[in-house]
Amino acid sequence: MTAASVRPPRIARALLGIVLPRRDRAGALAELDDKFAEVVEAGLSSPRWWYWRQALGAMRPGMWFAGADRGAGAGGLGADIRFGIRMLAKTPLTTAVIVVTLAVGLGFNGAVFSMTNTIVFMALPFEDADRLRFVDAVNREEGAWGLGLTYPDYLEIAATSRGFETAAAWYRTNATVRRAGDLPERVVASYVTPTLFDVLRFQPSLGRRLTDDDAAPGAPPVVLLGHAAWQNRHGADPAIVGQTIRVQGADHTIVGVLPEALEDTPFAPELWIPIADTAELAANHERRVYNVVGRVTDGLPDSQLSAELDEISQRLSARYPETHESISERIQTYRQMYSGQGNQTIMFVMMGAVGFLLLIACANVANLLISRVLHRGREIAVRSAMGASQWRLVRQLLVESLLMSSLAAMGGAVMAWWGSKLLQAGIERTGAPPWFVFGVGGEVYALVVVLAFVAGILFGFAPALHAVRAPAGDVLKESGRGTTGSIRTRRITAGLVVVQVMLAVILLAGAGVMTRSAVNVQRVDWGLDTDLLTVRLTLDADRYPENENRLDFHRDLEQRVLAIPGVDAMGLTSSFPSRGGFNGPAELEDRLVAEGNRPERLSQVIVGANYFELAGLEPIRGRLFHETDGSDGTFPVVIEQRFAERFWPGEDPVGKRFRWVNEVDPQWMTVIGVAPRIMHLLPMSFLPDFPVFYTPYPAEPLRGMGIMVRASTDTETLATALREAVRAIDPELPLYSIEPLPRLLEENTYSWQVVAYMFTMLGAIALVLSCMGIYAVMAFAIGRREQEIGVRMALGARAPEVVRLVMRVALVQTGLGLVLGLAGAVFTTRLLTMFMFEVSPTDPVTFAAAVGLLLLSAMLAGWAPARRASRVDPMRALQPD
Amino acid sequence: MGRKFLGEFEQIVLLALARVGEGAYAVSIHDEILRTAGKSVSIPAVYVTLSRLEKKGLVVSRMGEPDARPGGRAKRHFALTQRGTAALEQSRQVFDRLWDGLELVK
């Protein structure tokens with residue numbers, strides 16, 4: 001290290017540059033640099049550290065201001081605080097505005113922070129949880145990750161992977177559960193391999209864990225209960241272990257209860273059931289439902305594990321080409337796996353929006369503080385001339401700033417708490433995973449306090465420093481009313497107004513776009529009258545093994561339901577509107593994949609013949625289903641209009657055929673009719689929106705179906721009657737998810753409402769804050785120009801002219817802010833396209849409204865001070881102070 | 001500005017200045033303090049203190065000749081004024097009298 005190459009540390013130098021008094025800055029730094037060069041040449045071991053010590057040695061407040069009378073000391077602090085409180089109380093409005101502004105900005109940031117904290121820093125409550133990795137799969141041809149693995153895949157990984165110390169598999173599904181003497185219920189159950197206990201490393205809170213014996217074929221059936229299930233359904237019975245419960249029709253013994261910590265994780269179900277490790281299961285290469293998680297060997301980097309997994313993946317593809325051909329696997333951390341693309345993006349968007357709000361708030365506060373300080377310039381000058389040291393003066397002003405910050409911090413804490421409750425309520429209705437809980441914990445309050453402190457210092461210090469260092473003589477000489485502040489100050493305040501207006505435009509534009517989206521979503525035409533009740537039910541395999549059983553059941557059910565007084569119609573369907581159908585790749589007969597065409601992605605909904613009647617649909621071409629369709633071995637399908645237009649524009653689609661491509665023995669399906677569109681999925685840019693076709697229930701009688709009922713009776717009565725109807729046919733069959741269709745639809749659209757609501761709130765607050773900023777700056781500037789105004793009026797200028805003159809200033813600043821804001825808004829609304837619905841990101845209506853609103857508000861804000869200015873009595877204004 | 005006493009740091013700087021004598025500047029004062037009193041003080045702090053002392057009339061400064069090497073700059077040289085000397089003397093008297101007869105360390 002040659003002497004020439006060692007430079008003084010930039011940060012230390014910059015710090016010195018800030019705190020040293022201006023006059024002495026150059027000289028002091030130069031002297032220091034000279035010595036630094038000497039020190040380096042003399043071979044001192046860490047010259048940069050020496051420099052830092054020198055710099056820190058100059059960091060005493062006594063250095064920064066003239067008259068370091070440290071003897072005055074700490075006793076003064078109490079006086080400062082008391083004095084500060086008096087001064088704040090003297091201008092209650094300004095003080096309140098500053099405090100509230102800061103509190104609002106801080107509070108909202110706190111609330112959003114609690115949200116992002118949860119989502120970004122999600123962690124599992126297990127020992128060494130960062131050593132856990134999840135595995136999912138992708139079909140490279142279809143391009144969507146998130147596929148599960150097959151059981152033999154898991155076995156292969158568990159057996160051959162050296163990177164994974166232990167691995168486990170599980171999948172969630174619905175199961176019918178029944179305790180002795182109770183009605184059957186549908187619950188969510190997890191089938192797990194016993195190794196899950198080893199991977200996650202926890203012990204049950206009661207009873208014992210699962211062992212390999214439990215998974216052996218033919219082992220006595222056992223389950224573990226989830227903590228919540230144990231508390232709510234079994235009354236937290238301490239003697240639960242050993243009792244029997246009926247799952248999927250078979251008796252299982254309860255051998256343990258899972259700990260509460262599991263409740264907020266993706267492993268939380270009502271029940272854990274061991275996967276029976278049978279030979280058949282190990283040979284089933286098609287059932288791709290398993291989630292795999294493993295604990296990684298200590299110290300192994302992800303790259304190595306990935307590489308190993310690629311190897312395994314290739315091995316599997318080679319071994320089982322029919323089912324694994326385009327499959328690849330990858331590892332994911334907990335956060336990557338479960339936070340979901342949409343959630344993360346909205347998080348960042350909200351953080352951005354709320355950050356803007358904070359900036360606006362800070363700009364406002366800075367403006368207000370500056371004008372406060374300048375109004376007191378004379379007081380400060382007088383005190384300074386009478387002997388108060390600069391440091392004392394600055395300390396006084398800082399104390400006032402910090403007092404306000406403290407109040408703002410308290411207010412902000414309350415707002416953060418309230419804000420996150422609001423967010424939580426909003427998110428809950430959107431169907432987010434149950435383990436998204438936004439706690440307003442210590443970190444959030446800490447953030448609020450820290451931000452408040454920083455804001456107080458930042459915005460209190462700079463103006464204070466400036467005011468106190470202003471040469472006292474100049475200030476006292478001022479003959480105008482109030483003080484001017486230097487040109488630099490005026491530029492700063494003007495700049496702050498421009499920034500505020502700019503940010504407000506961006507926020508308002510965002511709010512406008514989101515609100516329009518939300519309104520559009522509300523007004524969506526679903527394609528059918530949505531005043532229906534939806535019910536789900538699942539026929540279990542044991543008692544409904546054959547198609548005939550299921551068809552009989554549904555025929556019976558339909559009769560009974562239609563017989564219920566008040567019921568007009570009912571329809572059987574595999575999916576309700578807004579839930580989407582079964583997606584998959586398919587090929588059209590006139591565009592075969594074998595001939596080089598790409599498979600089309602389609603969406604299938606299985607319906608009973610009564611569905612179309614319920615929905616009030618008339619065929620556009622051909623016909624809709626009859627009762628008998630699908631029961632004679634043929635596969636008639638009804639396609640929706642979009643389907644026909646997309647694949648066979650201008651032709652008659654009736655008679656055309658297509659089939660799935662990823663099935664073992666796909667059947668050709670023949671189009672018999674075209675139906676009008678029902679919105680099965682909202683056309684969002686990030687959701688797949690494939691053309692829909694309907695197949696008749698008898699052709700593919702799924703066990704899990706839903707029914708929709710139109711009736712003139714109220715929901716309660718109807719629900720009870722439906723349960724009765726089902727019980728009359730099969731007392732062991734539970735009905736579940738009984739919900740009016742509008743509720744269901746709302747669940748899928750609620751997130752738009754929440755986001756739009758938040759943005760509108762932020763936009764409104766931004767508007768108010770900006771107006772306040774403009775008002776404050778205007779009032780201040782006018783006070784300054786009273787003398788000039790007096791002169792003009794004495795020379796014959798009339799009130800309107802004065803008003804115009806004064807408003808011009810406001811308009812120029814606002815105008816600049818608007819122009820910058822529009823540019824910024826165009827850029828930022830692009831970021832929101834993911835969430836917009838039938839609105840263009842540069843929607844002219846929204847932008848015009850935002851600009852107009854701000855312009856109007858700015859003019860109003862500027863008008864009051866302007867009018868006051870025009871009322872100035874020239875004689876008074878011209879008098880010497 | 002109404003102080004009756006020299007601050008501790010101000011005294012140290014002034015004393016070192018007196019010791020260095022002719023041509024004293026911030027770095028040479030810093031070196032003197034280090035050599036004689038064993039204290040490593042901050043050079044910018046010394047410089048600013050000297051500047052303040054000048055405002056109070058206890059020292060005067062002049063710009064010296066630029067250094068002989070290329071890019072060499074003119075250093076600011078300080079010297080005690082009469083008032084400065086008097087202030088130091090006064091401080092010393094106060095301390096001497098208070099210390100007189102006192103045995104704090106056994």
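Proteins get letters first, then strands, A, B, ... in listed order; numbering begins at 1 in each.
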Task: salt bridge (Lys or Arg N to Asp or Glu O under 4.0 Å) partners for Asp100(B), two or more places apart - done: none
Task: Partner residues of Thr81(B) under the side-chain contact (heavy atoms from CB on, under 4.5 Å) criterion, sequence neighbours left out - done: Val60(B), Arg83(B)
Task: Least distance between heavy atoms, Gln54(A) atom then Pro44(B) atom - done: OE1-CD, 3.7 Å
Task: Toward chain A: residues of residues 27-40 of chain B with heavy atoms under 4.5 Å - done: Val27(B), His30(B), Asp31(B), Ser40(B)
Task: Any Leu50(B) side-chain heavy atom under 4.5 Å of Tyr25(B) side chain - done: no
TODO: State which residues pass side-chain contact (heavy atoms from CB on, under 4.5 Å) with Asp24(A); sequence neighbours excluded, sorted by chain then number.
DONE: Pro21(A), Tyr47(B), Val48(B), Ser51(B), Arg76(B)
Task: Side-chain donor-acceptor pair present, Glu10(B), Thr49(B), cut-off under 3.5 Å - done: no
Open item on the list: Under 4.5 Å from any heavy atom of chain B, what part of Leu32(A) do you find: side chain, backbone, both or neither?
Closed with: both
